[in-house]
Amino acid sequence: MKKHRGILGGIRGQTTLKNLLAFQDQHKIELRPSHISTCWNKASHFLPGERGIINKNPKIFLPLIDHTKEVIKEFNARSLAITIQSIAKISSLTRIEVDETLWKALEEEVVKIEKLEARDSSNILWAFAKVNYNSPELFSSMALKIMSNLDEFNSQDLANTVWAYATLDQQTPDLFEAVSPVAINLNTVWAYATLDQQTPDLFEAVSPVAINKLETFTPQAMANTVWAYATLSHRAPDLFEAIPTIAISKLDEFNPQNMANTVWAYAKLSHEAPELFEAVSVTVINKLDSFNAHYLAKIVWAFAKLDHDSPKLFEAVSARVIRKRDKLNPRDIANTLWAYATLDHDSPDLFEAVSARVINKLDTFESQDITDTVWAYATLGYDNSDLFEAIVSEVVTKLEKWNGEDIIKLVWSLALIKANTKSITPIFSHLSTQHQANRLILSEEEMYQLHQAHLWFNIEGNENCLLPKDLT
């Protein structure tokens, strides 16, 4: 026992990583599993100070890794948890080389353990998620262990646990249902939203807790919180009213993703925050070069969704998006153009510049992306025959996959911009067929739009419409 304590004291007394690893190698034969886990834990505490040393020699831990694999079957639950957590911390902060066989061996030993302490369970799951080690078998096994002693978990343990499942997209509805009544934590609501787990009671309970702690929130914490509520369409008026004042005071600390997610959340829940949006507008303009096209698309969409006009912002964004247009994905293109059209903000250079990107990527556009794009051009009266012909040709080949609402919106937009009537004949034929087969159910507004389109194509376009009379 005295020798055991002496070795532990020797490990804990090392003042550099180099000395620690030398001590481990020197006493290798004498080290027990608890000593090895203490070595890993001590090594993790040398970070980030000695990160440079590790990055220059990523194989520096190989002797300790090999030793760990040799005796891993002798580890108890606590030593295993400490080892796994420490290796994950080191791996996430450095270029340490940890091969898959070590993680596989650690996983196998965890699965064998029948009962784990709450803190050990949450630390193990956190660690595997931190290094992106995804094992359905491990996470399913852990879920059963957790639910058997859930009353031993505190809020932080639960938050780390559901964060791990969400980070690796491990769907475990039974576990999340069991956790929700006792997991009042901000990380928890983010995790539930990430996995699309509806838990109204949890979100109601978290809201007042968040309000009381707002002044301590980082920008990411604020953004993640409102994002979670918006993602699950859970309204929290008091929370959303309280956040803008704090957010505005820290807006310079927000990165582009935090800012985009925050205004997106307010728009998603239709919660107006004019002072916040004004402040965001100024900040985006001042830091425009740090925003990529995706985040700008989310921001202008949010402004348009809440009908918050900001001409200077939209002018600045237009120039930036034109330069970055080759980075736009279909949804970003549609959202950006939709936003400009919704706020009636003329930007012919933007629409002209983006059109080539639309044509080149048209086969990757979803039906809503196409309809929103065409609607935006039509609403602002921008004629682009090459674009419209390419869109109609693409749509005609995929009509069976389109719903009636999107088809009607497209036809109305094509009529508004006076598209070539010959090219859209197959679309009308498809609508007629769907109607006759009782597969076309239209709302009053959709019927109105279809009637408007029919009038233009039949009267102004001098074409015989293929729609049955009860649809016109």
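In this text the structure is predicted, and so the values were computed from the model without any measurement.
Here the shortest heavy-atom pairing between A304 and A339 reads CB-CA, 3.5 Å. Taking each heavy atom of T16 and E50 in turn, the nearest pair found is CA-OE2, 3.4 Å. Nearest heavy-atom pair across A334 and D372 is CB-CB, 4.1 Å. L214 approaches K250 most closely through the heavy-atom pair O-NZ, 4.4 Å. Closest approach of A236 and S207 over heavy atoms only: CB-OG, 4.0 Å. Of all heavy-atom pairs between V300 and T336, the closest is CG2-CA, 4.1 Å.
Under the ring pair (Phe, Tyr, Trp, His ring centres under 6.0 Å) test applied with H271, the options Y266, W264, F277 reduce to a single match, Y266.
Within 6.0 Å of NZ on K112 lie more than 12 heavy atoms contributed by other residues, nucleotides or ligands. Atom CD of E70 is surrounded by more than 12 heavy atoms from other residues, nucleotides or ligands within 6.0 Å. Around NZ of K398, the count of heavy atoms belonging to other residues, nucleotides or ligands within 6.0 Å exceeds 12. Atom CZ of R320 has more than 12 heavy atoms from other residues, nucleotides or ligands within 6.0 Å. Atom NZ of K324 sits in a sparse spot, with 12 or fewer heavy atoms from other residues, nucleotides or ligands closer than 6.0 Å. Other residues, nucleotides and ligands contribute over 12 non-hydrogen atoms within 6.0 Å of the CD atom of E152. Around atom NZ of K28, more than 12 heavy atoms belonging to other residues, nucleotides or ligands sit under 6.0 Å away. Remark: R95 CZ is loosely packed, at most 12 non-hydrogen atoms of other residues, nucleotides or ligands lying under 6.0 Å away.
Between K69 and T101, the side chains place a donor N or O and an acceptor N or O closer than 3.5 Å (distance only, hydrogens not considered). Under 3.5 Å, the side chains of W126 and T161 contain no donor-acceptor pair of N or O atoms. S310 and S281 share a donor-acceptor pair across their side chains, judged by distance under 3.5 Å alone. Side-chain contact annotation: S347 with S318, donor-acceptor N/O pair under 3.5 Å present. At a cut-off of 3.5 Å, with distance as the only test, no side-chain donor of N160 or S122 sits close to an acceptor on the other residue.
In this structure, N123 contributes its side chain and D120 its backbone to no donor-acceptor pair below 3.5 Å. The main-chain N or O of L116 is found under 3.5 Å from a side-chain atom of N149 such that the two form a donor-acceptor pair. Within the 3.5 Å criterion, the main-chain N or O of K145 finds a donor-acceptor partner in the side chain of S148. N19 places no side-chain N or O within donor-acceptor distance of the main-chain N or O of Q14, the cut-off being under 3.5 Å. Panel note: side chain Y165, backbone T172; no donor-acceptor pair is recorded below 3.5 Å. Looking at N134, its side chain does come within 3.5 Å of a backbone N or O of L168 through a donor-acceptor pair. Between the side chain of H35 and the main chain of R32, a donor-acceptor pair closer than 3.5 Å is present. At distances below 3.5 Å, not a single donor-acceptor pair connects side-chain atoms of R325 with backbone N or O atoms of V354. Of the possible polar contacts, one joining the R235 side chain to the L269 backbone as a donor-acceptor pair under 3.5 Å is found. Side-chain N or O atoms of K287 include one that pairs as donor or acceptor with a backbone N or O of D252 at under 3.5 Å.
Partners of Y295 under the ring pair (Phe, Tyr, Trp, His ring centres under 6.0 Å) rule, at least two apart in sequence or in another chain, do not exist in this structure. Applying the salt bridge (Lys or Arg N to Asp or Glu O under 4.0 Å) rule to R12 yields no partners; only residues at least two apart in sequence or on another chain are considered.
The side-chain heavy atoms of D309 and F303, taken from C-beta on, include no pair separated by under 4.5 Å. Side chains of E204 and H234 form a contact here, defined as non-hydrogen atoms less than 4.5 Å apart. Side chains of L93 and I54 form no contact here, defined as non-hydrogen atoms less than 4.5 Å apart. In this structure, the side chains of L296 and V284 come closer than 4.5 Å at one or more pairs of heavy atoms. Counting heavy atoms from C-beta on, the side chains of Q368 and R331 come closer than 4.5 Å.
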Next on the checklist: Test side chain to side chain donor-acceptor pair (under 3.5 Å) on E278 and H308; report intermediate values, then the result.
Outcome noted: CA-CA 9 Å; E278 280 301 311; H308 189 105; 2.8 Å; yes

Checklist entry - Would D326 and K361 satisfy salt bridge (charged side-chain N to carboxylate O under 4.0 Å, His left out), going step by step from the backbone distance to the final call? => result CA-CA 10 Å; D326 289 341; K361 292 289 183 180; over 6 Å; no

Checklist entry - Where do K73 and E109 land on the salt bridge (charged side-chain N to carboxylate O under 4.0 Å, His left out) test, with the steps shown first? => result CA-CA 7 Å; K73 295 185 183 297; E109 294 309 307; 3.6 Å; yes

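Distance CZ/F153 to CD1/I146: 4.5 Å, rounded to 0.5 Å.
In this pair, H345 and Y340 present their aromatic rings perpendicular. The plane angle is above 60°, beyond the 30 to 60° band.
A salt bridge is absent between E315 and K312; no separation between the charged side-chain nitrogens and carboxylate oxygens falls under 4.0 Å. A salt bridge is defined here as a Lys NZ or Arg NE, NH1 or NH2 lying under 4.0 Å from an Asp or Glu carboxylate O, and D332 with K298 fails to meet this definition.
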Determine all donor-acceptor pairs shorter than 3.5 Å in which one atom belongs to a side chain in residues 84-91; sequence neighbours excluded.
unit_1, atom_1, unit_2, atom_2, d
S86, OG, N41, N, 3.4
S86, OG, I82, O, 2.8
S91, OG, I87, O, 2.9

